[in-house]
Asker: 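I have a structure here, written as structure tokens, and I will follow up with some questions on it.
Proteins get letters first, then strands, A, B, ... in listed order; numbering begins at 1 in each.
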Amino acid sequence: MHGRTHLPWRTTRDPYRIVVSELMLQQTQVERVIPLYEAFLARFPSFEALAAADAGDVVRAWRGLGYNSRAVRLHALGRAVVERYGGRLPSDTAELRALPGIGAYTAAAVRAFAFELDDAAVDVNLRRVIHRVAFGLEHPAQADDRTLDTLAIAAVPRGGAHDWNSAMMDLGATICTARSAKCLVCPLRDTCAAAPVDSATLAARVREHAARRTPQEAIPFERTTRFLRGRIIDRLRDVPARESLALDALQHDLAAVVPSDRLHEIPAVVDALVRDGIVMREATRIRLS
DNA sequence: AATACGGGGTG
DNA sequence: CACCCAGTATT
């Protein structure tokens, strides 16, 4: 058996454990999820346990993962699964897509990894590997996402979606990575349009076709809204569950970690967090939802 | 079609 | 410092 056999979600077929892993893995690296995964499952062992909790408890358990809206969505998903399906996650794509936090990728991943149905979970790894094999290096792109999806789906062996998706992701994460390609040890080297990849060529192509920086990313992190949101949520995580914090006190405490000329932005950022369902306001006090 | 959304790891 | 990461929802 090759590949990353140590991943804690790889051996289970429990739909709950699979969705939790998939929500955690959305835009968050495997190595960072691993140490937090089992602790989360111990705290919330089932859809019912998740649904019975406050969203704020889930956001607390989410510390270290980032993209906190995912915690709120996972909590909402738990409640929806309990209410709509009696605690049983559906395997139908349309029903999965209708649940909070589940998009095209996650629906396919749940189907393949939890239900062993023939579907292609086309994440950044799959897209890169398929592109290289079928068209060569991905910078510049020779095919759009829809084309890559179609190729991926056609390549899934009947009854073998779980292992196939796992293998393709492992290939993309360990051998055919974004920054390099170890074609010499790649099982697909004989049929791959990109092999053998020259590392200097790959680096040059990536530089040449680098995506335009978004305005938010072009400025120092301490000047971004994300930074403020992160500091506010971190502070609220330290407030005991079901207790609240005065907005004044929040502003005072954050003076230690936030540039002084940004403290006046805190109320507006809190408003945004409330709109996102992450923070709850009670008069002049706030807490995690 | 663009943008917002975290934060830590890597070369 | 720039790029990368098992994407989704909103505008």
Asker: Identify, with sequence neighbours excluded, every residue that meets salt bridge (charged side-chain N to carboxylate O under 4.0 Å, His left out) alongside A:E222.
Answerer: none
Asker: Applying a 4.0 Å non-hydrogen cut-off, can you work out what A:R10 is touching in the nucleic acid: base, sugar-phosphate, or nothing?
Answerer: base
Asker: Under 4.0 Å, heavy atoms only, any strand: does A:L7 hit a base, just the sugar-phosphate, or nothing?
Answerer: base
Asker: Is there a side-chain contact between A:R229 and the phosphate of B:dG6, meaning an N or O under 4.0 Å from OP1 or OP2?
Answerer: yes
Asker: Within this structure, what is the CG-to-C1' distance between A:L77 and C:dG7, rounded to whole angstrom?
Answerer: 15 Å
Asker: Determine the interplanar angle of the A:H162 and A:F113 rings, folded into 0 to 90°, and report it as parallel if under 30°, tilted if 30 to 60°, perpendicular if over 60°.
Answerer: perpendicular
Asker: Assuming nearest nucleotide by heavy-atom distance, tell me which of A:R32 and A:T106 is located more 5' along DNA chain C.
Answerer: A:R32
Asker: Given atom CG of A:L65 and atom P of C:dC5, what is their separation to the nearest angstrom?
Answerer: 18 Å
Asker: Would you call A:E282 and A:R285 a salt bridge, taking side-chain N to carboxylate O under 4.0 Å as the test?
Answerer: no
Asker: Show the distances under 3.5 angstrom between N or O atoms of the protein and N or O atoms of nucleotides 9-11 of chain C.
Answerer:
from  : atom 1 : to     : atom 2 : distance (Å)
C:dA9 : OP1    : A:G101 : N      : 2.7

Asker: Between A:Y37 and A:W9, is the gap from one ring center to the other below 6.0 Å?
Answerer: yes
Asker: Which whole-number value in Å describes the distance from A:I34 CD1 to C:dC5 C1'?
Answerer: 14 Å
Asker: Counting only side-chain heavy atoms from C-beta out, which of B:dG6, C:dG7, C:dA6 sits nearest to A:Q29?
Answerer: C:dA6
Asker: In whole angstroms, how far is the P atom of C:dT8 from the CG atom of A:D123?
Answerer: 10 Å
Asker: With sugar-phosphate meaning primed atoms plus P, OP1 and OP2, does A:R179 contact a base, only sugar-phosphate, or nothing at under 4.0 Å between heavy atoms?
Answerer: base
Asker: Could you give the CZ-to-C1' distance, from A:R63 to B:dG8, as a whole number of Å?
Answerer: 15 Å
Asker: Between B:dT3 and C:dA6, how far apart are the P atoms? Round to whole Å, please.
Answerer: 24 Å
Asker: Are A:L137 and A:V129 in one and the same hydrophobic cluster, where Ile, Leu, Val, Met, Phe, Trp and Tyr link if side-chain heavy atoms are under 4.5 Å apart?
Answerer: no
Asker: Considering every strand and a 4.0 Å limit on heavy-atom distances, what is the contact class for A:A121: base, sugar-phosphate, or nothing?
Answerer: nothing
Asker: Under 4.0 angstrom, heavy atoms only, what part of the nucleic acid is A:A104 near: base, sugar-phosphate, or nothing?
Answerer: sugar-phosphate
Asker: Salt bridge check: are A:D149 and A:R146 linked by an N-O gap of less than 4.0 Å?
Answerer: no
Asker: Suppose you measure atom C1' in B:dG9 against the same atom in C:dT8; what distance do you get, rounded to whole Å?
Answerer: 23 Å
Asker: Look at A:D276 together with A:R229 and state whether they make a salt bridge at an N to O cut-off of under 4.0 Å.
Answerer: yes
Asker: From CZ of A:R127 over to C1' of C:dC5, roughly how many Å is that when rounded to an integer?
Answerer: 12 Å
Asker: Mind checking A:W62 for me? I need base, sugar-phosphate or nothing, with any heavy atom below 4.0 Å counting as a touch.
Answerer: nothing
Asker: I'd like to know if the side chain of A:R237 pairs up with that of A:N68 as donor and acceptor (distance under 3.5 Å, no hydrogens or angles considered).
Answerer: yes
Asker: Considering every strand and a 4.0 Å limit on heavy-atom distances, what is the contact class for A:V206: base, sugar-phosphate, or nothing?
Answerer: sugar-phosphate
Asker: Remember a base hit wins even if backbone is also touched, and classify A:N165 as base, sugar-phosphate or nothing at under 4.0 Å, heavy atoms.
Answerer: nothing
Asker: When the distance from CD of A:Q26 to C1' of C:dG7 is rounded to whole Å, what number comes out?
Answerer: 5 Å
Asker: Which nucleotide in the set C:dC5, B:dG6, C:dA6 lies at the smallest distance from any side-chain heavy atom of A:R128?
Answerer: C:dC5
Asker: Rounded to whole angstroms, how far apart are CZ on A:F221 and P on B:dG6?
Answerer: 8 Å
Asker: Say you pick atom P in B:dG6 and the same atom in C:dT11; how far apart are they, in whole Å?
Answerer: 15 Å
Asker: Can you find an N or O donor on one side and an acceptor on the other, under 3.5 Å apart, linking the side chain of A:T28 with the base of B:dG6?
Answerer: yes
Asker: Taking the side chain of A:M169 as its heavy atoms from C-beta onward, which of B:dG7, C:dA6, C:dC4 lies nearest to it?
Answerer: C:dA6
Asker: May I ask you to say whether A:R242 pairs ionically with A:D57, meaning some side-chain N is under 4.0 Å from a carboxylate O?
Answerer: yes
